[in-house]
Structure formats: C-alpha cells, structure tokens
Asks: 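I have a structure I would like to understand better, so I am pasting it below and will then ask my questions one at a time.
Whatever order the structure lists ligands and atoms in, that order sets their numbers, starting from 1.
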Amino acid sequence: MQNGHKPESTTPTTVVMGAGPAGLCSAYVLSKAGHPATVVEAAPFVGGLARTIKRQTDHGEFKFDIGGHRWFTKNEELNDLFKEVVDDELLWVHRISRIYFDGKFVDYPLKLANALKAVGPVTAARAVFDYGLIKAQQKLNPTEVVSMEDAYINQYGNTLYKLFFQAYSEKVWGMQCSELSGDWVNQRTKGMSLVTAIKDAVVPSKGKVVSLIDEFMYPRDGFGRFSERMADSIRQNGNEILLKSPVEKIVLDGNRVKGVQLRTEEGSTLLEGENFISSIPLTVLVKIMEPSAPQDVIDAANSLVFRDIITVNMMFRKPKVTNDTWLYVHDRNILFGRFHEPKNWSPAMVPGEEYTSLVIEYFCTRGDHIWSMSDEELVNQTVKHLVEDLEFVEPEEVIGGFSVRATKAYPTYDVGYQEPLNKMKDYIRGIENLQYIGRGGSFRYNNTDHSIETGLLAAKNILGERHDLEQVNAEAEYHEIKRQKERATVTS
Ligand SMILES: Cc1cc2nc3c(=O)[nH]c(=O)nc-3n(C[C@H](O)[C@H](O)[C@H](O)COP(=O)(O)OP(=O)(O)OC[C@H]3O[C@@H](n4cnc5c(N)ncnc54)[C@H](O)[C@@H]3O)c2cc1C
C-alpha cells in the first residue's frame, strides 16, 4: 500500500458518506490518486455490514463477521484491488456448504443428483415430472414472471421450489414468495437451470459451468480487515475518516450539493465539498435533502423496505461443530436461517485449536417477534436449537454468546419495487455532483464485489472517466458461476 503525500489543497474535495466497503473503496482510489477526500461515518467503526467484531474472553479472543463474508468476483480489476489491499493477510478457503433439510444434508448450491437422492424416488420422480411440465407450459403458453414464486417455479418446477426454496426464502424475507419480485431470483441464478445442470453432468464440456466459490479468498483475521486496511491507506495518504459523524442533511444549492450537515460530539457542522458520493441507504438519502425532495420521491422512499438481521455469536470449547463453510437451515421450527463456523474459514478467528464458534443468522424486521427478543433470549434460543433440535453441541461445551443487530441489511425487492426505486434514482441523477453507490446506497442486492465496483467507478468518474454505475451487477450470467475455460484466471 502507498504511504504517500498529503493531497494538494487546491484540488476540490470529495465527501464520501459511509465507511462501508463501497465508500472506503471510493476514498481509497481517490487517495491513491492524490485527490482530497473526507469520509463521514455514523458508526464508531469502519466496515459497515462487512466488519469483523472482536470479543475478548477468559479463553482468549474470538472474532466474528456479521455473517461470514467470502470474497468472490469475476472482475479481475476488483480481484487485484482486493489482493492489493489484503496483501499478506490473504487466505484461500475451500467451500463446502449444505442445506439441512428434514434431518438430511443436501449440497448447496443445489446439485440435482444429490437433491433428488435426498428426497427419495417418489418425490424425485414428481420433481422431474413437474419440471418437464413447466418447461412445456413455457413453450406452449409462456406467462410473465412477476413474483419470486413464478421465477423459482419457472427454473426448478413446483416440487423443487416447495422443497428447497419456499421456506428458506420466506425466512430470509419475512414475506411470501408470491409478494416478492422475481428480480432477485433472476439476479442470483442467471444462466442456471436444471437443463444446464443435467447437460453439464452428462456431457462435460469446455464451457462447463463451475461454481466460482468452490474456493474463495478471505482475510486471515476476518473480512473486516479489508475495510480496516483501506481505511489505513486513506489516512496514510493524508485524508480523513470522521467516525461518529452521521449525515443529517444534504444541503443543496440549486441542482448541486453544497455540503453535508453532520451531527458530531461537538454539535452540528456543515462540511462543504465539490463532489459527493453516498453509500447511505437510498431511502434515507432522499429524505434528508434540504430543500426537501418532492413529495412523490419521499412517498417512493417510504414504500420501499429493507430486511434486518441479528447475528448470534456463539463460542464453544470444542474443536469443531461441522465441516461446512455455511449451513442453511430450512426447517420452519428453527428460528434462524443460516450459520457459519469462522474457524473453517481461518483458524485465527478462535483463540486455539480446542475452541470453535458459530455465527448464527436470524433474518428479521425491526420490531417483529425476533427483533423484540433480548440478547439473553436470543442466546438461550440458539443454544436450545443447537443442543436439542440439531444435536450439534453439548450444553457443557458452550462458553457463551452475544448478539449483534444490523438494520437495513437486505434491500427487499417486493412486487412493484422498480417504479418507486426509479423515481428516487431519477431525482438523485438530477443533482449534478452527487453519486450513489453500494448496497443500501443503490438499493441493490450487491455483494461486496459489486458494492466496491460502484465505489471504484464513482471515484473514476471524479478523476475524469465516464462510467454508468447502473451497469454494475447487470451481467447476463449468474455471478457465482464462471465457464471452466476462464477459471484459471480466477484461482491463480
Ligand atoms: C449476513 C450478510 C452476509 C453477507 N455475506 C457476504 C459475502 O459472503 N460476500 C460478499 O461479498 N458480501 C456479503 N454481504 C454483502 C456485504 O455486506 C455488502 O455488499 C457490503 O457491506 C456493502 O457495502 P456498502 O459500503 O455498500 O454498505 P454498508 O456495509 O452497509 O456500509 C454503509 C455505511 O454507511 C454508514 N451510514 C449509514 N447511514 C449513514 C449516515 N446518515 N451518515 C453517515 N454514515 C452512514 C453505515 O454506518 C455503514 O458503515 C453480506 C451481507 C450480509 C448482511
């Protein structure tokens, strides 16, 4: 990383809102180019949803991501950036993920042969029949895909949808699949279908679909190191990151931003700049404009929702719980949806070989029955599920646990979300010197790679290039797969 000079004071400053990976990436790129940039962040730490939390105990230090974050991308420029930042802390991790389904384990992502074996011959025959039926219907009488339910049934048929997608999706989103937009499925499973899976299983070809994330990169001391190291570099290049400084107002002067009003420990202050990049949730951004955005834009923001998450971080005196990278738990009687075992990602996440930990993800909405549970109730509920329902641990192996709450973790694509979203985006595009980036910032289900890509391109726009940020994460192929012939460039 560059340990450089202070940026020229005559260059106009860029103000970056939010110190998650997207905002930090913008400031990292600008800082390396010698451009003044100030990052303003509401929280007392950097990393946003992609941070790593440390917990000191009598047994030593445990580290937890907000749900395990793996690095994967098909974009070599982003891969190089990640490697440059994480540098000598980089690990390669082999991925094994499974679905826990009806007391059995099924590979994730869904592998056809394995899934059909797990459901038994009668259900497997029904699944194949249903799949044939839906494909025939699509040919003879194609219907429009509107909801998530339509999209899953179109891709997998009714039986596999009901078995493997319906319960889990409803756990994640807290809504019925018929109320959610098909866009999420199309964005996540582009190019994947039973036909491709069968074809690729029977006739391995040069262009065989492989999962990009059979192996992935991970920083030794947790994913949060990616953000922390970008922050170090930004500061070393003479730029500032103002923590505990939430943006309260975006002060406009005509169709330009003049400055952002910050609430700091010393009081309110106006930070002026020439260019502005926002990674704060889009639905919040349009509501803090001064003068205020038109009422239809505010109404649009009010009509869109995010899903929240609580992670329960459990510590054990036990060498291992599972071999999995992730385990997806579809069972409706178990309140959490997924967990990962950090030690399987990096041994440095636990204090020693005799210890392990789990990060358990409870998808929820602020104020609902899960959100309303206390820290203690959440830990007790988790122990009960792990000990009694899943039989993964013994009560005496539990050292302790604690929960972390993150709001606005998942932008929810409900049916009809596009219209209000476009309204908000059109309004922001009318402001000359303001760009929106990131996951919540774009209201797009972006992983870290796509989030930082928007941050990178926004910075390049300020440095004189021209990029359309709306093209990010709009590829025609599912972003977790890559054709075999390209793989060498990914894993090298
Ligand atoms: C459970 C879970 C698992 C995930 N797993 C993966 C994974 O395996 N791989 C992967 O690549 N991605 C994963 N992601 C996605 C990843 O977390 C996001 O893509 C990434 O964090 C988005 O970065 P961002 O900077 O856009 O947003 P965020 O990380 O949300 O950062 C936004 C920042 O803005 C700040 N902010 C908000 N409002 C204000 C304000 N008014 N003023 C100032 N600051 C403000 C916030 O405090 C925050 O720090 C996962 C996400 C979740 C929730």
Asks: Does R229 come within less than 4.0 Å of E89, counting only side-chain N to carboxylate O?
Replies: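 E89 and R229: salt-bridged.
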Asks: When you measure from the centre of the six-membered ring of Y445, is the NZ or CZ of R439 closer than 6.0 Å and no more than 45° off the axis?
Replies: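 Yes, a cation-pi geometry holds between R439 and Y445.
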Asks: Distance alone, cut at 3.5 Å: any donor-acceptor contact between the side chains of D299 and Q295?
Replies: yes
Asks: Can you tell me which residues line ligand 1 if we count any heavy atom under 4.0 angstrom from one of its atoms, in chain and number order?
Replies: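 These residues qualify: G18, G20, P21, A22, V40, E41, A42, G47, G48, L49, A50, I66, G68, H69, R70, P246, V247, S279, I280, P281, I309, W326, R338, E361, A409, Y410, G438, R439, N446, N447, T448, S451.
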Asks: Should the pair R51 and F223 be classed as cation-pi, given the thresholds of under 6.0 Å to the six-membered ring centre and 45° from the axis?
Replies: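 Cation-pi check for R51 and F223: fails.
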Asks: Taking E361 first and then K171, would you say they form a salt bridge - that is, a charged N and a carboxylate O separated by under 4.0 Å?
Replies: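 Result for this pair is no, no salt bridge flagged.
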Asks: I'd like to know if K425 pairs up with E470 as an ion pair, taking the criterion as any Lys NZ or Arg NE/NH1/NH2 lying under 4.0 Å from an Asp or Glu carboxylate oxygen.
Replies: yes
